[in-house]
Amino acid sequence: MKEDARKKPFVSLRGVHKRFGDLLVLRGVDLQVAQGEVVVLIGRSGSGKSTLLNCVALLEQIEAGTIEVDGAVVGAGPADETALAPKTRRREVAAEIGMVFQSFNLFPHLTVLQNITLAPRRVRGVSSRNAEILALELLDRVGLREKANEYPVKLSGGQQQRVAIARALAMNPKVMLFDEVTSALDPELVGEVLKVMRQLAEEGMTMLVVTHEMRFAREVADRVIFMDQGVIVEDSAPSRIFTNPSTDEAARFLRVLMDAEAVE
Amino acid sequence: MSFDFSAAFVYWPELLNGAINSIRIVALAVVIGFVLGMLLAIAHRSGNRLIRGVVHVYVEIFRTTPALLQLMYVYLVLPAVAGINLGPITAAWITLGLNTAAFFSEILKAGFQSVERTQYNAAFVLRLNKVDTFRFVVFPQLIRNIFPPTVALFITVIKYSSLAAGIGALELTRVAQLIAVQSFRLVEILTVVAIIYFVIAYPLAILARAYEARLRRGMY
C-alpha cells in the first residue's frame with residue numbers, strides 16, 4: 001500500500017528558495033513526501049526547518065521553486081507563477097494542510113470546544129451541532145473530553161497542545177505539520193503530546209514533524225531529514241541516520257543531541 | 001459657618017440645563033472621538049509612510065498641548081484666522097472630539113499590537129478568511145484589551161468637558177460657577193456639582209473594575 005502511494009508524492013517541494021531580507025533561509029529544497037509517510041526534520045536552529053514547514057503551510061511566500069500538495073501547485077516563486085493551480089483548487093488544498101505550533105496558539109477568548117468548532121463551521125460550513133459532535137470525538141481521541149468547556153488558560157501546556165492538535169484535525173487534514181510542538185512543554189508533559197502524534201502516525205496520517213525528540217524520530221519516522229544552512233544534507237531511514245549518518249554535520253549534530261538525551 | 005444646600009434646589013433648572021449641555025458635549029465628543037480615532041488607527045495601519053506621519057503629528061499635537069488651550073484655539077483663533085464662528089458648546093464638543101480621537105487611536109494601536117502575530121497564523125492555517133479572522137479571532141481579543149483604557153478615556157472626557165467653562169460654554173461647571181457667585185453659596189453649589197459629576201462617572205469606573213475582575217478569573 002505504501003509502496004503504491006510512494007509512486008506519487010503527496011507533498012512535493014522543488015527548488016524551494018526563501019529569504020528574509022538579505023538572509024537566504026532556504027536555498028533550493030527538494031523534498032517528496034508520500035501519503036501516509038512520517039518525515040521528521042532535524043537540524044540546528046536557523047537551519048531552515050521551521051521555515052520549510054511554514055512554506056508548506058503557505059504562511060510564507062516563497063521566492064523560487066514550487067510546492068505541490070495533493071496534485072496541486074499551491075505555492076510558487078514569481079518565475080513559476082503560471083504553474084499555480086486555480087485559486088479555488090488552491091483554497092481547497094490549503095484546507096487539507098493542518099499545522100500545530102510550538103506555542104499552541106489556541107484562541108484564548110474561546111473555550112476548548114469553540115476553538116475546535118470555529119474553523120469547521122466557518123470554513124467548511126458544518127452545522128454547529130455536527131461541529132460539536134466532531135469536536136467531542138476528537139477531544140475523546142486526545143483524552144480531553146472533560147475539558148470541552150474550559151478556557152485554554154485553565155489547561156496545562158500539554159493539554160493545550162493536544163487541543164491544538166484536535167483543532168487542526170477538525171478540518172480533516174490530509175497532511176499535518178508539527179513545528180517543535182513539544183519544545184515549549186515541561187518535560188513531564190512531552191509524553192502525552194507525543195502519544196497523540198504516534199497514534200496519528202499509526203492511523204496513516206501524512207506528517208512532517210520538526211522536533212528534537214530523537215526517540216520519537218527513531219521510533220515513528222519513516223524518514224529523517226537533516227537540514228543545514230537552508231538545504232537538505234541527509235535524507236535517510238532513521239535506522240541509518242542514527243547509526244551511520246553519511247555526513248559529518250549530521251553526525252556531529254546527532255552526537256550532541258544523543259548526549260543531551262542520555263543526560264536526561 | 002452654616003451650610004444651606006437649598007440654593008442648589010432653587011437653581012435646579014439652571015443646573016439641569018448645564019448638566020444636559022455637559023452630557024451633550026461629552027456624548028458628541030465621544031462619538032467623534034471613537035469614529036475619528038478608529039479612522040486614524042486604520043489609516044496608521046495602512047502602512048503608507050506619509051499617512052502614518054500625518055496621523056503621528058495629529059496625535060502628538062493633541063497629546064502634548066493643554067486641552068484648555070485647544071478649546072481656546074478652536075473657539076478664538078478659528079474665527080480670527082478662518083472666519084469660522086462656532087458657539088462655545090459646539091467648539092467644545094468638536095475640540096474634545098478631536099482630542100479624544102487622538103487618544104482613542106493610540107488605545108486602538110496598542111490594542112492591535114497586543115493581539116499576537118501567532119494568533120493570525122493559527123487562524124490562517126485553519127484557513128479562516130480575513131473577515132472571519134478579524135471577527136472571531138482578532139476583534140474579541142482587541143475589545144478585551146482596549147476596554148479598560150477606553151472606559152478610562154470616557155471618564156477623562158467627562159472631566160475634560162468642564163474645561164469648556166473656560167470658553168464660556170454654559171455647561172455644568174460654568175453654570176455652577178455663575179450660580180455660586182450669584183447666590184454666595186459657593187461651597188454648597190460646587191459640592192452638589194461635584195456629586196453630579198461623580199454620579200455620572202462612577203458607574204463607568206465600576207464597569208471597568210468589574211470587567212477587570214472578570215479577566216483576572218480567566219474569562220472573557
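Just so we're on the same page: letters track the sequence lines, and every chain starts at 1.
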Residues of residues 87-107 of chain A within contact distance of chain B, non-hydrogen under 4.5 Å: A94(A), A95(A), I97(A), M99(A), F101(A), S103(A), N105(A), L106(A), F107(A)

Greater than 12 external heavy atoms within 6.0 Å of Y73(B)'s OH: no

For chain A, the option from V125(B), N121(B), L126(B) that forms the most heavy-atom pairs under 4.5 Å: L126(B)

Heavy atoms from other residues, nucleotides or ligands near OH of Y160(B) exceed 12 (cutoff 6.0 Å): no

Sub-4.5 Å side-chain heavy-atom contact between P108(A) and R144(B): no

Within residues 127-139 of chain B, residues adjacent to chain A where the heavy-atom gap is under 4.5 Å: R127(B), L128(B), D132(B), R135(B), F136(B), V137(B)

Residues, nucleotides or ligands: over 12 heavy atoms within 6.0 Å of Q199(A) CD: yes

